[in-house]
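On a predicted model such as this, the values are computed, not experimentally measured, just so you know. One-based numbering, in listed order, for ligands and for the atoms of each. Any value given below was found using the heavy atoms of this structure, including those in side chains, with hydrogens, waters and symmetry copies removed. In what follows, residues are counted from 1 in the order of the sequence shown.
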Amino acid sequence: MEKTGFRKNLINIEPYVAGEQPKSENIIKLNANENAYPPSPLVQKAISGFDASVLRKYPDFSGEPLKSKLALYYGLKPSQVFVGNGSDDVLAAAFRAFFNSDKPILYPDVTYSFYPVWCDIMRIPYKTIPLKEDLTIDVNDYNTENGGIIFPNPNAPTSIALDKDKIITLLDNNRDVVVVIDETYIDFGGESCIDLLDKYDNLVLTRTFSKSRSLAGMRLGFAMASEELIAYMNAVKDSYNSYPVDAVAIKAGCAAVEDDKYFKDTLNKLVSTRERLADALSDMGFDVADSSANFLFAKHDKYAAKEVFAFLREKGIFVRYFNKPRIDDRLRITVGTDEETDALINALKELI
Ligand code: PMP
C-alpha cells in the first residue's frame, strides 16, 4: 500500500529477527547461542552487594573500571578498548565510525544477519561474498575494491573459524580500509587476532560478554583496536548515547573478568560437550561443520532440517532453523549442559 502524508517519512526497514525466546521454563533452549552455564559466582556477589545509592549518578562514560580491566587482561592500553551495551551496540558504533565510503563494504553471503540491517539503516552500500561450497571463507575473494570488510571469526551460523595466516593475507591485501573481525565466539576456539593489532592499525576486533562469559542478559560488549580507531568509536558513541554501559553492568563485567578460573573451566566444559555432541550427531548420519564456537551447524541427507526443527520443538527442544537460501538444509544447535545434550541426542535417536 502506498504511504501518504506523514507516513511517507516513516522509516522503511526490515529489522533483525532474533532467535525465539519461549516463555515456558520447561524447555531446552538451544536456539540463541547463550551460555549453558550461569555467570561466575563473583558476578552474583557483585550484583547482590551493589550499592543502589551509586545509581544516583551517571556511570563512567567510558565504562571505567571495566575498560581498564579488559585492557590489562588482553595486554592493551585502556585507550585501545571501547565498551558498549552488548556487541550489537559496539558493532553499530563501528559501522557508523568506519564504513563511510561510497564503495561497498564486503561480508560473507552466509553470516550474522544483523550486518545487512545496519547497512540498510545507515545507508551503507554493501556486497556479499559467497562462502565456498564447504561454507568456508576464501580471503582471495576479498581482493576487490571495497569500503571496508566485516566477518565473524568463527563465522556464524557456520561455526567455522578462519586460520590466522589467511586473515593476515586478507589484512595485507586491504590496508586502505577498516577490517572489523567480530570475535563473538572466539573464546570457544579459533585464534584471536589481538596480537595483530600492533601491526595493523586498520584492524578492529569486537567481543561480547554474552557467550563465553554467560552475561547475555547484562548486555556487555567491547572492541579492541588502535587508539586512533577507538577514539572514532568514542566520538560516535558520544553522538548518540554517552553512557551505554550502566553502573551495575560495569561492576558485573569486572567480576566476570576477575574470575578467570571459572571462565576457563566453563569454556572447557562446553568444548568437551560440543565434541561429544558432534560425534553423536555424526554417528546418526548428520554432516556437522567443524565448529570452533558454542554451537554446531548440522544437516542430514534423509531428514529435512525444517522437519527435525519441528520435531524437536514439539518435544520442547528449541534449536535454530533459518529459512534462507544455502542454509535452509541445516540446523544451528547451541551446545547446552550435558543433561540438555543427552536429552537432545535421545530425542533425535527417536526420530532417526
Ligand atoms: N555477532 C555475532 C556473530 C552474533 O552471533 C551475536 C549474537 N547474536 C552478536 C554479534 C551480538 O551479541 P551481543 O549483542 O549479545 O553481544
Do any nitrogen or oxygen atoms of ligand 1 lie under 3.5 Å from a protein nitrogen or oxygen, and which ones?
| residue | atom | partner | partner atom | Å |
| --- | --- | --- | --- | --- |
| ligand 1 | 1 (N) | D182 | OD1 | 3.4 |
| ligand 1 | 1 (N) | D182 | OD2 | 2.7 |
| ligand 1 | 1 (N) | T184 | OG1 | 3.1 |
| ligand 1 | 5 (O) | Y185 | OH | 2.7 |
| ligand 1 | 8 (N) | Y112 | OH | 3.3 |
| ligand 1 | 12 (O) | S87 | OG | 3.2 |
| ligand 1 | 14 (O) | S87 | N | 3.3 |
| ligand 1 | 14 (O) | D88 | N | 3.0 |
| ligand 1 | 14 (O) | D88 | OD2 | 3.3 |
| ligand 1 | 14 (O) | R219 | NH2 | 2.7 |
| ligand 1 | 15 (O) | S210 | OG | 2.6 |
| ligand 1 | 15 (O) | R219 | NH1 | 2.9 |
| ligand 1 | 16 (O) | S87 | N | 2.7 |
| ligand 1 | 16 (O) | S87 | OG | 2.8 |
| ligand 1 | 16 (O) | T208 | OG1 | 2.5 |
| ligand 1 | 16 (O) | S210 | OG | 3.3 |

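The ring pair (Phe, Tyr, Trp, His ring centres under 6.0 Å) search around Y16 returns Y112, F114, not counting sequence neighbours.
In this structure, Y185 has its ring center under 6.0 Å from that of F295. Taking the six-membered ring for Trp, F98 and Y232 have ring centres at least 6.0 Å apart.
A donor and an acceptor atom, one from each side chain of N294 and N35, are nowhere located under 3.5 Å apart.
Under a 4.0 Å N-O distance rule, the pair K164/D195 qualifies as a salt bridge. Taking the charged nitrogens against the carboxylate oxygens, K69 and E258 do have a contact shorter than 4.0 Å, which makes a salt bridge.
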